[in-house]
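A short write-up of the structure that comes next.
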Amino acid sequence: MTFLPKAALLSLEEIAVIAEHCIARGIRKIRLSGGEPLVRRDVGQLVQRLGRHVGTGLDELTMTTNGTRLAEHASALMDAGVRRLNVSLDSRDPEVFRYITRHGDVAQVIGGIMAARDAGLAIKINMVALKGLNEHEIAPMLAWCVAEGLDLTLIETMPLGAIDEDRTDRFLPLTVVLDDLAARFGLARDSHRSGGPARYWRVGDSTTKLGLISPLTGNFCDTCNRVRLTTEGLLYTCLGHDDCVDLKQVLRSEGIAGLDAALDSAMASKPARHDFDITATTPAVSRHMSVTGG
């Protein structure tokens, strides 16, 4: 997460107000992501405030986290109304995990996952499939999820933000991955829908669901109804476009009436699809995934 001067960030009150006005417009699911949401000192207060809307306008409040602080926050999240978490975990190998995250301790993350599961939270692991880096871990990761009662979603790498590597070297089509997993596990297509872009399979006779998010080999735009609010107050209506609305500026200068008008305009202008192309020499958008969340 990029830490900005305090005035550049939305306050907890502003985040809550924007979220509540989105709920009033029919948004039924909110996910707090990042960056890492649990590094924000007031995140517990925000979760409690939004959690009050679950069952009275909001169907679900979830969170995507890197898991490093889950052990200390799991019980509080459960008490506040969160029932499901997405945890980013691209590898269980300590060295590979440290290489991907630049500094992470995989044991700390796995400990947080177990603490959250034991607190009663449903856990879904998000794993980006990376050719030549973690592809040999995908089948073992699925087996581990089955053994621990977790779900797994695999994600194709996306051309977001400038990186040091050539993305085509790391791109692993999930069509290939699915063929391999189908040969190893008993997979059956599942009709489950989370409201997101993933397609699901049931793994044998277990409770584990396998999800695939494949923006490049299987465009999901026709089912996408998501918008994303950054901590700086920018509302992006598409992950694959740079167009956004500065809700922080509108709220601070024009108040609630301006916020309502800006939200109505943004929702009506959501693009039809992304412009991802893994072979392009420049990323589809300049910002990284950590700016807007998944």
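The figures here come from the full heavy-atom set of this structure, side chains too, leaving out hydrogens, waters and symmetry mates. Since the model is a prediction, treat every value here as computed from it, not as a measurement.
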Grouping I, L, V, M, F, W and Y whenever their side-chain heavy atoms are under 4.5 Å apart, do [X] and [Y] come out in a common cluster?
X	Y	value
L130	Y99	yes
L61	L12	yes
V17	V250	no

Which heavy atom of [X] sits nearest to which heavy atom of [Y], and what is that distance?
X	Y	answer
L70	A116	CD1-CB, 4.1 Å
N66	E36	N-OE1, 2.6 Å
I30	A19	CD1-CB, 3.9 Å
E156	L172	CG-O, 3.9 Å
M114	W144	CE-CZ2, 4.0 Å
L152	T208	N-CG2, 4.5 Å

query: Just by distance, with hydrogens left out, do T68 and Q108 show a side-chain donor and acceptor under 3.5 Å apart?
result: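 No - no donor-acceptor pair under 3.5 Å links their side chains.
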Lys/Arg-Asp/Glu bridge criterion (N-O < 4.0 Å) met for [X], [Y]:
X	Y	answer
K209	D151	yes
D260	R25	yes
E20	R49	yes
D246	K248	no

Flag, side chain of [X] to backbone of [Y], donor-acceptor distance under 3.5 Å:
X	Y	value
D59	K29	no
S265	A261	no
K270	T237	yes
R199	G211	no
R92	I110	no

_Can you tell me if D205 has over 12 outside heavy atoms packed within less than 6.0 Å of its CG?_
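No, CG of D205 has 12 or fewer neighbouring heavy atoms, counting only those of other groups under 6.0 Å.
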As an exercise, state the distance from [atom1] of [X] to [atom2] of [Y], rounded to the nearest 0.5 Å.
X	Y	atom1	atom2	answer
L210	T153	CG	OG1	7.0 Å
N134	R170	CG	CZ	9.0 Å
F97	D105	CZ	CG	7.5 Å
L150	T207	CG	OG1	8.5 Å
L50	L32	CG	CG	6.0 Å
L46	E13	CG	CD	10.0 Å

Item to complete: With S91 as reference, evaluate E137, M127, M141, R98 under the side chain to side chain contact (heavy atoms under 4.5 Å, CB included) test and give the passing residue.
Response: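 Checked E137, M127, M141, R98 against S91; only one passes side chain to side chain contact (heavy atoms under 4.5 Å, CB included): E137.
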- With R31, which of R226, R228, E60 fulfils side chain to side chain contact (heavy atoms under 4.5 Å, CB included)?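 It is R226; the other options fail the test.
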*Let me see the working for L142 and F185 under side chain to side chain contact (heavy atoms under 4.5 Å, CB included), right down to the final yes or no.*
CA-CA 9 Å; L142 181 55; F185 300 86; 3.7 Å; yes
Exercise. For E72, which residues count as a side-chain contact (heavy atoms from CB on, under 4.5 Å) partner, sequence neighbours excluded?
Worked result: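 So E72 forms a side-chain contact (heavy atoms from CB on, under 4.5 Å) with R69.
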Test log, rule side chain to side chain contact (heavy atoms under 4.5 Å, CB included), inputs V106 and L89 | CA-CA 8 Å; V106 72; L89 182 64; 3.9 Å; yes
Could you give me the CA-CA distance, side-chain angles and deciding distance for D190 and R202, then say whether salt bridge (charged side-chain N to carboxylate O under 4.0 Å, His left out) is met? CA-CA 6 Å; D190 195 295; R202 181 73 60 179; 3.2 Å; yes
pair P173-F171: side-chain heavy atoms closer than 4.5 Å: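 Side chain of P173 against side chain of F171, heavy atoms only: contact under 4.5 Å found.
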